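Both counts, for ligands and for their atoms, begin at 1 and track the order of listing. Model, not experiment: these values are computed from the prediction. The first residue in the sequence is number 1, and the count goes up from there.
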Amino acid sequence: MTLKESFVKIGIHDLEVATSHYVLDLDTLAERHDIDPKKFSIGLGQDTFSMPAPDEDIVTMAAEAAHTLLERHDASKIRQVLFATESSIDQSKAAGVYLHELLGLPANVRSVELKQACYSGTAALQMAVNAIARNPEEQVLVITSDVARYALDSGGEPTQGAGSVAMLISADPNLIEIEPGSGLHTTDVNDFWRPNDSTTPFVDGQLSLDAYLGATTAAWDDLLARRELGLEDIHRFLHHQPFTKMARKQLAALAEHTGTELSDDLIEESMSYNRALGNTYTASLYFALTAQLHNNSDLAGKRLGFFSYGSGAVAEFFTGVVQDNYQDHIYPQHVAKQLDNRVALTYDEYRELHSDFAATSETFTTTKTTNAPFRLSGVTEHQRRYEAQ
Ligand code: HMG
């Protein structure tokens with residue numbers, strides 16, 4: 001057997017998603033802020049955003065997504081839990097350790113948390129793929145989970161959101177083979193950051209748009225320098241979508257950069273979930289993937305191009321090939337249920353919920369609100385308490 005033949009296909013075997021209890025309609029925000037609603041629906045490409053109840057956070061959403069996922073699999077094969085987030089609930093203990101307990105995973109598992117703004121889910125995915133290349137019989141649970149919470153009355157307010165995508169990474173995957181060879185780009189830029197003493201980020205809006213476009217274009221160029229690949233080899237593009245219009249802006253920038261015509265048809269099917277969820281930071285790119293798989297029945301054998309971006313800034317462009325029987329392994333009804341079950345907030349309820357958010361380790365008990373299978377019951381002795389329900 002040659003070295004090449006000995007490589008197994010590795011990638012995303014299965015995935016599941018979760019979002020939060022509440023939703024705010026952006027028309028409500030537009031009306032109360034005296035803004036033309038089309039600025040949000042067309043200008044940003046957003047309709048609604050998810051918002052957590054006080055007894056929800058990144059762990060409860062991730063646990064719900066992973067729990068649904070693992071009902072279909074043998075969890076004893078999982079050797080790592082890689083939890084990517086920028087809405088961390090502790091400066092020391094990994095969110096994945098809480099998740100590990102809630103899911104009842106075996107003790108012989110490595111659990112860590114990863115951070116680099118919206119990018120770290122992709123780092124987790126690539127680390128998982130590399131680990132399985134060494135141990136093809138093992139599996140890795142990759143979690144992306146975030147709450148995008150901007151200051152009230154700030155420019156970023158309409159782009160808030162919440163959600164989680166849990167992915168099982170394995171050899172011989174059912175959904176996507178992740179191909180070797182990425183384009184990478186890191187540059188130190190202060191476009192968006194959240195210091196330890198702030199519950200909301202600082203944002204330079206225009207700089208963030210420029211940084212996103214510059215870094216993703218540079219990642220594309222880096223890929224071209226390393227792989228024989230052209231735009232014509234990519235069937236559909238997927239993007240980190242802080243708001244869905246950003247994917248259109250990036251495709252237009254790529255078209256200009258490469259001197260190629262690129263139709264919005266290349267991205268249209270990837271936006272439906274993010275339009276409804278808002279920014280889900282690390283999970284956003286993987287909600288785009290989920291939407292693409294659910295909205296297009298003709299992807300078997302086709303190559304997808306993934307643009308991952310995290311402010312600060314790191315970008316990666318990588319590719320994956322959709323597997324032949326992917327349609328036997330997708331569950332669009334689960335996403336529909338997550339979106340449809342959300343409870344609509346009035347504007348006043350939204351403002352109150354936003355203002356009441358407490359990043360404290362002082363003792364508190366939450367009122368039971370969420371119907372999700374896991375909830376945050378409160379904090380005692382400075383320790384977060386979660387429960388199944
Ligand atoms: P803004 O000042 O509220 O909006 O900020 P605007 O005035 O730039 O308008 C937005 C768009 O709406 C424009 O379209 C307007 O023309 C259009 P564009 O010219 O850009 O194509 N518009 C209308 N369209 C139709 N009908 C109307 C109308 N009025 C205006 N009546 C901004 C927008 C994105 C800056 C703000 O929302 C913000 O600061 N967001 C947060 C930062 C962000 O999302 N940046 C994106 C790139 S960085 C990133 O993706 C990383 C991130 O996810 C964090 C991480 O990595 O951790 C954010």
Practice task
Start with the C-alpha gap between Arg32 and Asp27, add the side-chain angles, then the distance that decides, and say whether salt bridge (Lys or Arg N to Asp or Glu O under 4.0 Å) holds.
Solution key: CA-CA 9 Å; Arg32 291 292 289 266; Asp27 284 355; over 6 Å; no

[atom] [closest protein heavy-atom partner, distance rounded to 0.1 Å]:
| atom | value |
| --- | --- |
| atom 55 (C) of ligand 1 | Cys118 SG, 2.7 Å |
| atom 43 (C) of ligand 1 | Ser208 OG, 3.7 Å |
| atom 5 (O) of ligand 1 | Gly155 O, 4.7 Å |
| atom 40 (N) of ligand 1 | Gly156 CA, 3.7 Å |
| atom 35 (C) of ligand 1 | Gly205 CA, 3.7 Å |
| atom 57 (O) of ligand 1 | Glu86 OE2, 2.3 Å |
| atom 14 (O) of ligand 1 | Lys245 NZ, 3.4 Å |

Exercise for the section: Return yes if some donor-acceptor pair links the side-chain N/O of Lys302 with the main-chain N/O of Asp298 below 3.5 Å, else return no. Expected result: yes

Practice task
Spell out, as yes or no, whether a donor-acceptor pair under 3.5 Å connects the side chain of Tyr350 to the backbone of Val23.
Solution key: no

Practice task
Look at the rings of Phe307 and Phe317 and say which category their plane angle falls in: under 30° parallel, 30 to 60° tilted, over 60° perpendicular.
Solution key: tilted

Practice task
Taking the six-membered ring for Trp and the single ring otherwise, decide whether the centroids of Tyr309 and His185 are under 6.0 Å apart.
Solution key: no

If the cut-off is 4.0 Å to any non-hydrogen atom of [X], which atoms of ligand 1 fall inside it?
| X | answer |
| --- | --- |
| Ala117 | 55 (C), 56 (O), 57 (O) |
| Ser311 | 48 (S), 49 (C), 51 (C), 52 (C), 54 (C), 55 (C), 56 (O) |
| Tyr212 | 50 (O) |
| Gly310 | 56 (O) |

Problem - 4.0 Å protein heavy-atom contact status of atom 25 (C) of ligand 1, strictly under - result: yes

Exercise for the section: May I ask whether atom 3 (O) of ligand 1 is less than 4.0 Å from at least one protein heavy atom? Expected result: yes

Handout entry: Phe192-ligand 1 polar pair, N/O distance under 3.5 Å
Key = no

Handout entry: Lys249, any N or O under 3.5 Å of ligand 1 N or O
Key = yes

Which of the listed options, [options], holds the heavy atom that is closest to [atom]?
| atom | options | result |
| --- | --- | --- |
| atom 12 (O) of ligand 1 | Pro201, Ala148, Ala315, Gly43 | Gly43 |
| atom 34 (C) of ligand 1 | Tyr281, Tyr309, Phe243, Tyr150 | Phe243 |
| atom 9 (O) of ligand 1 | His240, Lys38, Lys39 | Lys39 |

Problem - Ser311: which of Asp191, Asn190, Asp204 passes side chain to side chain donor-acceptor pair (under 3.5 Å) - result: Asp191

Fill in the blank from the handout: Only one of His239, Gln250, His257 passes side chain to side chain donor-acceptor pair (under 3.5 Å) with Thr216, and that residue is Gln250

Fill in the blank from the handout: Only residue of Asp146, Ile58, Val142 satisfying side chain to side chain contact (heavy atoms under 4.5 Å, CB included) with Thr282 is Asp146

Exercise for the section: Determine the sole option in Glu64, Arg385, Lys368, Glu56 for which the side chain to side chain contact (heavy atoms under 4.5 Å, CB included) test with Arg375 is passed. Expected result: Lys368

Practice task
Using a cut-off of 6.0 Å, state whether more than 12 heavy atoms not belonging to Glu349 lie near its atom CD.
Solution key: yes

Completion exercise
Note: Gln206, heavy atoms under 4.0 Å from ligand 1, region reported as neither

Practice task
Treating Ile, Leu, Val, Met, Phe, Trp and Tyr as nodes and any side-chain heavy-atom pair under 4.5 angstrom as an edge, say whether Val314 and Leu114 lie in one connected cluster.
Solution key: no

